[in-house]
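What you see below is based on every heavy atom in this structure, not just the backbone, and it leaves out hydrogens, waters and symmetry mates.
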Amino acid sequence: MAAALLANVLYSSGFVLEKKALAALPEVDFRRPAQLLRLVLGSPLWIGGSLSLAAGFGAQLAVYRTLPIAAAQGIFVSGLVLLVLLSARLLGEETTGRERYALGAILLALLMVVLSLREGSDTVSRSAPYPLILTVCVPSLALGVWLYGAAERRARHRHRMPTTGVEYGVAVGLLYGVSSLAIKGVSSCLTAGGPGGAVLGVLHSPYPYLLLFTGGFGLVMSQAALQRCRASLIVPVCTTVTCLFTAVLGTLSFGEALPHEPLRLGLRLAGTALAVTVLLTMPKHDAAPPQPPAPAKELTPP
């Protein structure tokens with residue numbers, strides 16, 4: 001539990017620091033990854049944010065070794081409250097009433113998932129068949145990259161209303177969902193044998209290669225999206241997609257059984273359905289900025 005809460009603080013702080021750094025940089029483009037990396041690596045503030053995210057990754061490894069996947073996701077998403085507070089305080093981002101209701105509904109949905117857990121009866125799985133993991137992850141990665149490209153093409157249209165970033169958040173969330181499954185897989189490999197056997201087990205698995213792909217693409221895609229959209233909206237959407245993906249597909253892939261009691265099963269399924277519904281109904285566009293009033297025409301004498 002302590003590691004999960006620490007991961008929340010590190011991830012929220014890292015995203016806010018990166019967003020603040022990106023606001024001071026020229027516009028980045030995910031189609032030019034070398035230029036993007038050159039810009040962000042020249043910003044000490046961005047480097048601080050990325051180190052915070054890396055430390056959150058280490059805390060997440062510890063969580064997956066001790067908690068079931070669904071339980072971990074419920075705790076991770078509680079960090080959305082901290083993220084919204086930091087975004088308002090440090091970035092000056094304000095959420096609309098509809099967005100606040102949506103975030104509240106997401107927290108309620110994940111509280112339902114947490115309430116469906118019972119210590120001692122929920123098992124922590126240690127392995128998953130590699131073909132099954134690849135069957136789940138490869139199409140998800142392709143879908144995430146395609147969704148991001150489609151959002152970019154729509155955003156480049158002239159006279160288009162400003163986007164809130166929901167499409168970007170869903171796309172990046174799919175990549176981070178695969179990354180989360182890979183982290184779970186690495187944590188399971190580290191529990192087998194001594195240090196040498198653990199390292200060989202990791203290298204012979206698909207997990208480090210999935211992490212390399214999601215790390216590279218996720219870095220480029222998330223930075224471009226963060227620069228264009230509000231962190232207080234895009235990160236909660238991304239986090240929710242990641243957590244739902246990991247909780248549902250990860251539970252099935254790693255063989256962690258669903259609750260048998262009707263009440264706990266109903267809470268878990270209803271919480272998942274509520275979170276998906278909120279994502280589908282969130283506003284896709286920001287309100288257009290108010291136009292300045294037209295100057296009054298001077299009357300000239302006839």
Side-chain angles (χ1 to χ4, degrees), residues 1-23 40 43 45-67 69-91 93 95 103 106-107 109-111 113-114 144 165 168-184 186-187 210-211 214-227 229-247 250 275 279:
M1 182 71 73
L5 295 176
L6 176 61
N8 281 346
V9 174
L10 291 169
Y11 278 134
S12 298
S13 303
F15 277 122
V16 170
L17 288 175
E18 285 188 348
K19 170 67 177 178
K20 196 170 182 65
L22 287 164
V40 297
S43 168
L45 188 60
W46 186 91
I47 292 175
S50 64
L51 290 176
S52 180
L53 292 177
F57 168 85
Q60 194 175 5
L61 271 177
V63 173
Y64 280 142
R65 295 182 65 179
T66 54
L67 286 179
I69 291 175
Q73 301 315 304
I75 299 171
F76 288 148
V77 175
S78 65
L80 294 180
V81 175
L82 176 62
L83 175 75
V84 172
L85 292 175
L86 288 176
S87 298
R89 182 74 176 177
L90 301 178
L91 303 176
E93 296 181 354
T95 55
L103 292 175
I106 286 174
L107 291 175
L110 290 153
L111 175 63
V113 173
V114 173
Y168 291 115
V170 172
V172 177
L174 286 173
L175 264 70
Y176 285 167
V178 172
S179 179
S180 191
L181 287 189
I183 294 172
K184 168 67 177 177
V186 169
S187 71
L210 289 173
L211 282 173
T214 56
F217 275 81
L219 171 66
V220 173
M221 291 163 59
S222 63
Q223 300 313 299
L226 268 176
Q227 192 180 58
C229 310
R230 285 176 288 141
S232 57
L233 191 66
I234 190 173
V235 175
V237 171
C238 174
T239 304
T240 302
V241 172
T242 298
C243 289
L244 288 175
F245 181 95
T246 308
L279 281 178

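Taking all atoms of both residues into account, the shortest heavy-atom contact from Lys19 to Gln227 is NZ-O, 3.7 Å. Of all heavy-atom pairs between Gly144 and Ala171, the closest is O-CB, 3.3 Å. Across all non-hydrogen atoms, the minimal contact from Thr246 to Gly177 is OG1-O, 3.8 Å. Heavy-atom minimum distance, Ile234 versus Ala225: CD1-CB, 3.3 Å. Here the closest non-hydrogen pair linking Thr242 and Ser180 is CG2-CB, 4.3 Å. Smallest separation of non-hydrogen atoms from Ala59 and Ala7: CB-CB, 3.8 Å.
With hydrogens and angles ignored, the 3.5 Å screen pairs a side-chain donor or acceptor of Ser50 with a backbone N or O of Ile47. The backbone N or O of Leu219 lies less than 3.5 Å from a partner atom in the side chain of Ser222, making a donor-acceptor pair. The backbone N or O of Leu211 lies less than 3.5 Å from a partner atom in the side chain of Thr214, making a donor-acceptor pair.
From Tyr176, atom OH reaches atom CG of Leu181 across 15.0 Å, with rounding to the nearest 0.5 Å. Here the CG atom belonging to Leu6 is positioned 10.5 Å from the OH atom belonging to Tyr11, to the nearest 0.5 angstrom. Here CZ of Phe15 is found 6.5 Å from CG of Leu226. Values are rounded to the nearest 0.5 Å. Note that CG of Leu22 and CG of Leu45 are 9.0 Å apart. Values are rounded to the nearest 0.5 Å. Atom CE of Met221 sits about 8.5 Å away from atom CG of Leu174, to the nearest 0.5 Å.
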